[in-house]
Amino acid sequence: MTDESDVSPVTRSKSEAKSAYDRLSRWYDLLASRGEEKAKKTGLRELAVEVGKTVLEVGCGTGSSMETLAESVGEDGEVVGIDLSIGMLSITQKRIKKVKLSDRVELVCSDAANLPFKEDSFKAVFMSFTLELFDTPEIPLVLFECKRVLNKDGRLSVVAMSKNKTEKDTFTMRLYEWMHRRLPKYVDCRPIPLQEILKNAGFIVTSQEQFSTWRLPIIVALTKKTH
Amino acid sequence: MKKKLMDILACPICKHYPLDLNVFEEKDEIVEGLITCQQCGRWYPIIDEIPFMLPDELRDGKDDLPFLKKWKTKFPEKYLKEGKPFSEKSI
């Protein structure tokens, strides 16, 4: 089991997060680092979405991955993107209209811990820099929901800031976690022990790569359901 | 939102499927409309082509009540009178 005391808690509420991301949405793309972009691209490549399939992105933000996913599924496929922030969804909506891919894209304002889809709806789920925004007790709920909406052979690709419990924390990691504790509304994501969390939620990691951003480790993990 | 999304949409709270759809305004896609759950009595608005399928604690009366007022005459009576988390009693 995950030792919750090792993972910093999230003290800001979900409605505070919703408003913060609405305010941040216009500037978000300027803040993303090259390390993050590289990790996202790897996560999407690993997920290898096929033409004609229905896929979901949890926490689609400003929609850069939605565009890639919409190209991958082709005109017979469908990509659904969810986000808690309507500011983020509006930016994605404009982006997708601009590249004329709206015919295969749906956007839904919803909470990853309460997904509004029936079971077995998707062939693949993509989630980048989202899981670490949830408070520790909610992370298994988000993964449970991903598992529920994925079909039997479905794949989940997760890109997240990660920490390894067996390694000693670096100075940057300790500084980041300190900032997260002191400024929870601004530094709202924090590193999580990803492999362990995925395993506990019933996913098998089939491949994994490590990147870094601001000297913090990012893990890209491709997984499948255990049963 | 396109009608096809109803093929996979379920209630985020009670997980009932299928949900019911009322279209209020339509262009290439559904611009404004209402999604309802027969099982738990909740309703979810579609605004600017995006359905808002949020749990009660993340619903905001500031957005939902003007929507309910605007489409009052087209709201199915059941949801207007006893809909969750807001009804005409909340206005």
Side-chain angles (χ1 to χ4, degrees), chain A residues 13-19 21-22 53-56 60 63 76-94 96-97 100-123 125 138 141-142 144-145 148-151, chain B residues 1-23 25-67 83-86:
Chain A
S13 74
K14 239 185 227 181
S15 21
E16 280 171 340
K18 195 171 181 288
S19 340
Y21 276 91
D22 280 342
K53 302 292 185 212
T54 303
V55 303
L56 171 71
C60 63
D76 296 327
E78 194 178 10
V79 185
V80 182
I82 70 142
D83 207 287
L84 195 56
S85 154
I86 185 63
M88 292 285 184
L89 289 170
S90 301
I91 289 178
T92 301
Q93 193 180 37
K94 283 193 198 100
I96 297 295
K97 278 190 178 165
K100 298 193 167 52
L101 292 171
S102 307
D103 58 329
R104 58 190 85 162
V105 169
E106 289 285 359
L107 300 170
V108 183
C109 186
S110 71
D111 171 26
N114 296 280
L115 288 180
F117 308 105
K118 70 175 169 103
E119 51 204 54
D120 301 333
S121 293
F122 302 98
K123 183 74 186 170
V125 174
E138 268 209 319
L141 300 180
V142 173
F144 175 82
E145 280 290 80
R148 184 181 65 80
V149 301
L150 268 175
N151 57 31
Chain B
M1 171 187 156
K2 293 168 274 298
K3 282 198 179 99
K4 201 175 162 246
L5 187 66
M6 297 306 292
D7 293 351
I8 55 171
L9 272 190
C11 179
I13 307 305
C14 74
K15 306 297 182 200
H16 175 71
Y17 170 88
L19 301 176
D20 299 314
L21 171 70
N22 285 70
V23 179
E25 191 192 334
E26 197 170 11
K27 286 182 188 158
D28 293 338
E29 300 202 7
I30 301 165
V31 182
E32 301 236 332
L34 180 73
I35 295 164
T36 52
C37 175
Q38 242 177 45
Q39 186 167 280
C40 71
R42 281 185 176 79
W43 62 269
Y44 304 96
I46 304 167
I47 304 169
D48 287 334
E49 299 179 357
I50 296 177
F52 285 70
M53 309 291 292
L54 293 166
D56 296 354
E57 64 272 20
L58 293 170
R59 298 281 292 262
D60 193 340
K62 281 207 302 288
D63 303 323
D64 285 343
L65 294 175
F67 176 86
K84 286 182 198 164
F86 303 108

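A quick note: this is a predicted structure, and the numbers were derived from the prediction, not measured. Quick note on labels: first sequence line is chain A, next is B, and so on, each numbered from 1.
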Colleague: Restricting to non-hydrogen atoms, name the atom on B/Glu29 and the atom on A/Ser102 that form the minimum distance, rounded to 0.1 Å.
Modeller: OE2-O, 3.8 Å
Colleague: Please look at A/Asp103 and chain B and tell me whether the side chain, the backbone, both or neither of the residue comes under 4.5 angstrom of a heavy atom of that chain.
Modeller: backbone
Colleague: Side chain, backbone, both or neither: which part of B/Asp7 has a non-hydrogen atom closer than 4.5 Å to chain A?
Modeller: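 It is the backbone, since no side chain atom gets that close.
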Colleague: Which atoms of B/Phe52 come close to chain A, meaning under 4.5 Å heavy atom to heavy atom: side chain ones, backbone ones, both, or neither?
Modeller: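 Looking at B/Phe52, backbone and side chain both touch chain A.
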Colleague: Find the one option among B/Glu49, B/Lys2, B/His16, B/Lys4 whose heavy-atom pairs under 4.5 Å with chain A are most numerous.
Modeller: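 The option with the most such pairs is B/Lys2.
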Colleague: In this structure, which one of B/Leu54, B/Leu5, B/Ile50 forms a side-chain contact (heavy atoms from CB on, under 4.5 Å) with A/Val108?
Modeller: B/Leu5
Colleague: Heavy atoms, side chains only, cut-off 4.5 Å: are B/Lys15 and A/Arg148 in contact?
Modeller: yes
Colleague: Go through the atoms of A/Glu119 and report whether side chain, backbone, both or neither lie under 4.5 Å from a heavy atom of chain B.
Modeller: neither
Colleague: Please report the interatomic distance CD1(A/Ile86) to CD1(B/Ile47), rounded to the nearest 0.5 Å.
Modeller: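 It comes to 8.0 Å.
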Colleague: Return the option, out of A/Leu84, A/Ile82, A/Asn114, with the maximum number of heavy-atom pairs under 4.5 Å with chain B.
Modeller: A/Asn114
Colleague: Can you say whether B/Pro51 sits under 4.5 Å from chain A via the side chain, the backbone, both, or neither, judging by heavy atoms?
Modeller: both
Colleague: Applying a criterion of heavy atom separation less than 4.5 Å, what residues of residues 35-45 of chain B form contacts with chain A?
Modeller: none
Colleague: With a 4.5 angstrom heavy-atom cut-off, which part of B/Asp48 approaches chain A: side chain, backbone, both or neither?
Modeller: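 Only the backbone of B/Asp48 comes within 4.5 Å of chain A.
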Colleague: After noting the C-alpha distance and the side-chain angles of B/Ile8 and A/Val80, does the key distance pass the side-chain contact (heavy atoms from CB on, under 4.5 Å) rule?
Modeller: CA-CA 10 Å; B/Ile8 55 171; A/Val80 182; 4.1 Å; yes
Colleague: What part of A/Val149 lies closer than 4.5 angstrom to a heavy atom of chain B: side chain, backbone, both or neither?
Modeller: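 Neither; nothing under 4.5 Å.
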